[in-house]
Amino acid sequence: MSPVTLDEPRVQSSTTRKDLLTVTDHRTGKSYELPLTHGTIRAMDLRQIKVSADDFGVMSYDPAFMNTASCTSRITYIDGDRGILRYRGYPIEQLAETSNYLETAFLLLNGELPTKPQYEQWAWNITHHTMVHENVKDLMMGFRYDAHPMGMLVSTLGALSTFYPEAKDVHDPLVREKQIQRLIAKIPTLAAFAYRHSKGMPYVYPDNDLSFCGNFLNMMFKATELRYQVNPVLERAFEVLFILHADHEQNCSTSAMRGVGSSGVDPYTAAAAAIGALYGPLHGGANEQVLRMLAQIGSKDKVPAFVKEVKESGGEVKLMGFGHRVYKNYDPRAKVIKQMADRVFEVTGRNPLLDIALELERIALSDDYFVKRKLYPNVDFYSGLIYQAMAFPVDMFPVLFAIGRMSGWLAQWQEMIEDKEQKIARPRQVYLGSEARDFVPMIKR
Ligand code: ACO
């Protein structure tokens with residue numbers, strides 16, 4: 001699918017004055033008309049604004065990309081003020097209700113829902129790429145017994161590139177397709193191996209008779225029984241959780257995937273960078289932090305004191321799982337997860353931390369500090385409670401996020417490769433350091 005280009009329609013004779021932004025440079029008194037497309041000006045159009053011929057021209061300064069679109073995309077739509085999330089136009093609530101993860105992954109990657117034969121072929125391809133080379137297993141065995149599974153995942157994903165050197169040919173669509181299948185198929189295997197490693201348990205090989213999620217649960221939890229019985233409620237819960245996490249437009253890890261991928265490197269290496277970004281506590285590591293925070297609060301009656309501490313800390317202490325760069329309303333994914341929690345708890349037993357979480361949400365949503373800043377629960381606030389109830393250790397939470405997000409990273413990476421407007425990502429800087437000066441020998445400093 002060809003990407004939208006901001007040049008359609010560009011300022012042609014048909015451009016009306018409504019499509020233009022007039023900028024006056026008071027240093028020179030000159031005015032410039034900048035084309036506005038999709039409510040956006042091109043930062044490069046600012047370059048013509050100069051005080052002299054040898055002036056570099058005006059740049060925009062936007063630390064943390066608060067108001068800069070780095071690409072056009074047709075994959076995921078978010079309206080943060082209204083709490084809307086859609087993949088390829090389909091509301092997240094409908095996908096969570098009726099789709100499964102592999103179907104949603106196909107949708108993200110291809111733009112349309114698969115027909116039955118397309119789905120069967122896709123599911124077969126993924127199922128038959130779940131094995132990893134035995135050397136990858138050996139590599140994982142080299143980690144310390146208490147290695148964080150995200151650290152193991154970052155390294156092993158990067159290492160996969162050495163097993164598939166053909167993956168370097170990122171401009172060949174067939175080569176890309178094969179790597180996409182491998183990455184989506186293998187990440188649950190790597191994740192489960194990382195978990196089994198920390199437990200000192202033998203790794204369980206993939207089982208092709210099981211669904212994507214059923215196979216993952218089997219690789220995680222199979223012990224000595226001849227056949228591990230996958231609980232259908234937990235299997236479905238994972239389908240939903242992976243769907244909810246599959247994509248979220250230009251977030252930190254996706255930007256890492258696109259940014260690193262823009263150098264032309266293979267997708268295993270780019271995905272390793274994306275996982276690295278996801279690992280951080282302000283991103284995919286937040287669900288881990290939510291659980292630690294709830295455990296630290298300890299009981300419902302201590303919630304008001306904790307909220308007070310957050311408010312008085314001047315931004316030092318955060319209510320983890322709250323707030324979002326884009327959502328200034330309830331995160332629609334958090335809503336779905338909250339509803340699903342009850343079904344999971346019927347199987348696993350209620351997570352005692354849920355009461356603390358509900359009380360935190362109740363107090364925060366009625367407190368002026370959070371209301372004024374439009375801080376609502378995000379996807380991470382309730383997901384950890386479900387994972388913990390399913391017996392996943394806290395360290396595994398961001399890993400679970402990464403499994404679901406892999407399809408989104410790859411869809412975004414592919415869109416970037418096919419986008420004729422994209423080049424190697426290379427931001428500018430505003431240099432505020434020393435002027436040129438002469439080196440001083442150490443003895444004279
Ligand atoms: N608890 C308390 N105060 C908060 C929180 C929070 N969770 N989040 C933001 N604020 C406050 C900030 O201190 C700031 O206050 P100020 O105006 O008095 O300075 C104000 O709200 C605006 O916050 P910013 O940090 O400017 O918002 P930003 O868009 O940069 O950050 C972020 C978004 C990183 C998600 C932030 O809300 C946060 O740290 N949340 C906690 C971590 C978290 O849950 N991350 C998961 C995000 S979802 C995901 O990645 C899947």
Side-chain angles (χ1 to χ4, degrees), residues 62-68 76 78 80-81 83 85 87 92 150 240-257 274-294 296-297 303-338 356-357 359-387 394 396-409 412:
D62 189 10
F65 302 111
M66 297 288 287
N67 194 36
T68 294
T76 290
I78 302 175
D81 290 330
L85 170 61
Y87 296 160
I92 193 68
M150 278 299 264
V240 175
L241 286 159
F242 288 157
I243 289 171
L244 297 178
H245 285 89
D247 195 49
H248 214 233
E249 53 121 302
Q250 310 312 315
N251 55 81
C252 179
S253 56
T254 301
S255 300
M257 181 85 192
I275 298 239
L278 190 72
Y279 194 179
L282 298 186
H283 191 12
N287 52 14
E288 190 176 338
Q289 300 304 325
V290 170
L291 257 280
R292 296 195 196 286
M293 173 188 75
L294 294 175
Q296 192 195 331
I297 295 172
V303 169
F306 179 73
V307 171
K308 189 163 173 273
E309 189 188 339
V310 169
K311 291 195 302 185
E312 288 173 357
S313 73
E316 276 295 302
V317 183
K318 285 209 165 131
L319 182 43
M320 298 310 285
F322 258 69
H324 198 276
R325 172 62 58 78
V326 181
Y327 291 120
K328 300 303 167 198
N329 200 326
Y330 212 102
D331 183 335
R333 302 166 299 174
K335 253 185 219 161
V336 176
I337 293 180
K338 195 177 170 189
I356 303 175
E359 183 68 356
L360 254 184
E361 181 184 333
R362 190 187 67 75
I363 293 184
L365 291 186
S366 56
D367 189 298
D368 218 35
Y369 176 95
F370 297 91
V371 173
K372 224 171 64 203
R373 290 170 176 79
K374 299 190 176 166
L375 300 169
Y376 292 85
N378 60 48
V379 67
D380 288 321
F381 193 64
Y382 286 105
S383 61
L385 290 169
I386 295 185
Y387 296 145
V394 175
M396 279 297 285
F397 296 179
V399 172
L400 301 173
F401 193 148
I403 297 175
R405 185 53 61 85
M406 183 56 79
S407 53
W409 286 332
Q412 300 274 350

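Each ligand, and each atom within it, is numbered from 1 in the order the structure gives.
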**Message:** Taking 4.0 Å as the limit for heavy-atom contacts, which would you say applies to D331 with ligand 1: side chain only, backbone only, both, or neither?
**Reply:** neither
**ligand 1-proximal atoms of V290, by part, heavy-atom distance under 4.0 Å** = neither
**Asked** Any N or O of L282 that comes nearer than 3.5 Å to an N or O of ligand 1?
**Response** yes
**Prompt:** Which heavy atom in D247 sits nearest to a heavy atom in Y87, and how many Å separate them?
**Reply:** N-OH, 3.2 Å
**Asked** So which of G315, A64, G284, G321 gets nearest to atom 44 (O) of ligand 1, if we judge by its closest heavy atom?
**Response** G321
**Request:** Flag atom 23 (O) of ligand 1 as yes if some protein heavy-atom distance to it falls below 4.0 Å, otherwise no.
**Result:** no
**Request:** Specify whether the nearest protein heavy atom to atom 26 (O) of ligand 1 is under 4.0 angstrom away.
**Result:** no
Numbered atoms of ligand 1 (with element) below 4.0 Å of [X], judged on heavy atoms:
X    : answer
F401 : 51 (C)
G323 : 35 (C), 37 (O)
V310 : 2 (C)
R325 : 28 (P), 29 (O), 30 (O), 33 (C)

**Request:** Check whether any heavy atom of F381 sits under 4.0 Å from an atom of ligand 1.
**Result:** no
**Request:** Please find out if less than 6.0 Å separates the ring center of H248 from that of F401.
**Result:** no
